[in-house]
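In what follows, chains carry the letters A, B, and so on, assigned in the order in which the sequence lines appear, proteins first and then strands, with residues in each chain numbered from 1.
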Protein chains: 2
Amino acid sequence: MTPLDDIDRRILRELQRTGRISNAELGDAVGLSASACHRRIARLEAQGVIRGYAALLDRTHLSRRTTVFVEITLSGQAVEILDAFEAAVARIPDVLECHLMAGTADYLLKVVVEDAEAFAALHRRHLARLPGVAQMQSSFSLRRVRDTTELPV
Amino acid sequence: MTPLDDIDRRILRELQRTGRISNAELGDAVGLSASACHRRIARLEAQGVIRGYAALLDRTHLSRRTTVFVEITLSGQAVEILDAFEAAVARIPDVLECHLMAGTADYLLKVVVEDAEAFAALHRRHLARLPGVAQMQSSFSLRRVRDTTELPV
DNA sequence: CGTGAAAACTTAGTTCT
DNA sequence: AGAACTAAGTTTTCACG
């Protein structure tokens with residue numbers, strides 16, 4: 001598997017910012033012909049470096065203004081408990097991220113909801129019913145100082 | 001500003017999963033003509049519901065296997081201290097997210113690096129030099145149980 | 001890697017309901 | 001108003017040099 005060269009990196013940087021850029025424009029940006037760009041992109045997709053493309057939506061327009069991080073400690077470390085917990089979490093669409101953590105808490109969840117009230121409803125209907133939970137601590141984000149999906153390349 | 005109807009939502013769902021889908025295919029998926037899809041997408045973009053498009057890259061291929069959450073408490077709440085801190089954080093590309101938090105800690109950072117060693121280097125070179133920091137606690141993610149950018153629509 | 005041609009897609013104008 | 005149809009202009013895609 002070929003390692004990434006400098007032009008690959010510039011292509012990836014551009015595609016992270018503008019996922020629908022044409023090969024012609026991309027070629028201008030990185031100093032290559034359109035077909036050469038196309039070939040490299042096809043290779044990067046085949047290698048799995050590019051996992052796919054996505055539209056980025058505005059959370060405000062979709063009633064998801066509020067981000068909450070939830071630290072959860074389970075009542076035990078048995079595999080069955082972890083598996084049951086993870087399966088249940090995966091079924092909650094408001095949970096964008098769920099990490100098994102080293103250190104104090106067992107899991108860290110990132111949740112997006114409309115507002116504090118919506119979080120209370122989510123808590124009652126879903127979070128409080130998650131299996132194997134011993135302790136739960138929720139922290140609200142007051143402001144997203146920085147929030148990007150762009151990996152440094 | 002028109003509220004989203006059911007077809008809009010299906011279009012958004014599709015575009016979050018497959019940002020480069022053609023209007024023809026999208027039309028098939030949601031039961032509309034290609035041009036009708038195109039018009040709706042143009043409207044959603046103009047309204048700001050769709051913020052843009054991005055290629056999603058694989059962290060493993062880019063030496064970013066490790067996610068670390070960093071809780072930071074500042075030495076004070078003066079606006080100058082917060083501003084200086086935020087400006088400095090924004091300059092570290094490895095920090096994908098930075099939230100001003102309610103509750104215990106002041107800030108929560110999400111950092112992506114190659115491994116623990118790379119985090120140690122980042123800590124020495126950047127995090128430990130952030131202005132106004134009183135306390136810092138880093139927590140490593142052992143496994144990403146779920147990690148999506150797709151908002152529920 | 002670049003050029004060029006064919007196929008596919010996007011985009012805008014028009015008509016119909 | 002919004003959807004379908006049509007046609008011109010781009011873009012993708014894939015030969016070959």
Side-chain angles (χ1 to χ4, degrees), chain A residues 1-64 114 148-153, chain B residues 1-63 148-153:
Chain A
M1 189 170 285
T2 326
L4 303 179
D5 67 14
D6 216 56
I7 294 180
D8 287 329
R9 267 180 253 277
R10 279 164 72 184
I11 288 175
L12 292 174
R13 235 173 278 144
E14 210 61 42
L15 283 177
Q16 283 197 105
R17 294 203 327 109
T18 320
R20 276 185 147 178
I21 193 173
S22 73
N23 290 321
E25 263 195 272
L26 187 55
D28 288 347
V30 307
L32 239 59
S33 73
S35 67
C37 282
H38 178 257
R39 243 192 306 266
R40 279 173 182 262
I41 292 174
R43 198 195 68 225
L44 292 166
E45 289 172 351
Q47 290 178 331
V49 180
I50 297 175
R51 275 178 27 228
Y53 301 86
L56 304 179
L57 307 187
D58 186 300
R59 299 154 65 128
T60 307
H61 285 87
L62 295 164
S63 302
R64 301 279 172 181
E114 162 79 48
T148 183
T149 58
E150 288 180 39
L151 291 175
V153 177
Chain B
M1 190 170 280
T2 325
L4 303 179
D5 68 13
D6 217 58
I7 294 180
D8 287 328
R9 268 179 253 279
R10 280 164 71 185
I11 288 175
L12 292 175
R13 235 173 279 141
E14 209 62 42
L15 284 177
Q16 282 196 107
R17 294 202 326 108
T18 320
R20 275 187 150 180
I21 193 173
S22 74
N23 291 322
E25 264 195 90
L26 186 56
D28 288 346
V30 307
L32 239 58
S33 73
S35 66
C37 280
H38 177 256
R39 216 190 304 261
R40 279 175 183 263
I41 292 174
R43 198 194 69 224
L44 292 166
E45 289 173 351
Q47 289 179 332
V49 180
I50 297 174
R51 275 178 27 230
Y53 301 86
L56 305 178
L57 307 187
D58 187 300
R59 298 153 67 125
T60 308
H61 285 87
L62 295 164
S63 303
T148 182
T149 58
E150 289 180 38
L151 291 175
V153 178

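Side-chain contact between A:Leu12 and A:Leu151 is absent, with no heavy-atom pair separated by less than 4.5 Å. Residues B:Leu4 and A:His61 have side chains not in contact (no heavy-atom distance under 4.5 Å, counting atoms from C-beta outward).
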Donor-acceptor pairs under 3.5 Å, side chain of residues 46-54 of chain A to any protein atom, not counting sequence neighbours: which ones?
residue, atom, partner, partner atom, Å
A:Arg51, NH1, B:Leu57, O, 3.4
A:Tyr53, OH, A:Glu45, OE2, 2.7
A:Tyr53, OH, B:Arg20, NH1, 3.3

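The 12-atom threshold is not exceeded at CZ of B:Arg17, counting heavy atoms of other residues, nucleotides or ligands nearer than 6.0 Å.
Among the atoms of the strands shown, base atoms are found under 4.0 Å from some heavy atom of B:Ser35. At the heavy-atom level, B:Arg43 lies nowhere under 4.0 Å from the strands shown.
In this structure, B:His38 reaches the C:dT11 phosphate: one of its side-chain N or O atoms is under 4.0 Å from OP1 or OP2.
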List the steps and the verdict of side-chain contact (heavy atoms from CB on, under 4.5 Å) for A:Arg39 and A:Leu32. CA-CA 11 Å; A:Arg39 243 192 306 266; A:Leu32 239 59; over 6 Å; no
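Residue B:Asn23 contributes atom CG, which lies 8 Å from atom C1' of C:dC9 at whole-angstrom precision. A straight line from CZ of B:Arg40 to P of C:dT10 spans 17 Å, rounded to a whole angstrom.
The two residues A:Arg10 and A:Val30 have their closest heavy-atom pair at NH2-CA, 3.8 Å.
DNA chain D is contacted by both B:Ile7 and B:Arg20; B:Ile7 maps to the nucleotide lying nearer its 5′ end (nearest heavy atom per residue).
Nucleotides of DNA chain D lying under 4.0 Å from heavy atoms of chain A occupy a range whose first and last members, 5' to 3', are D:dT11 to D:dC14.
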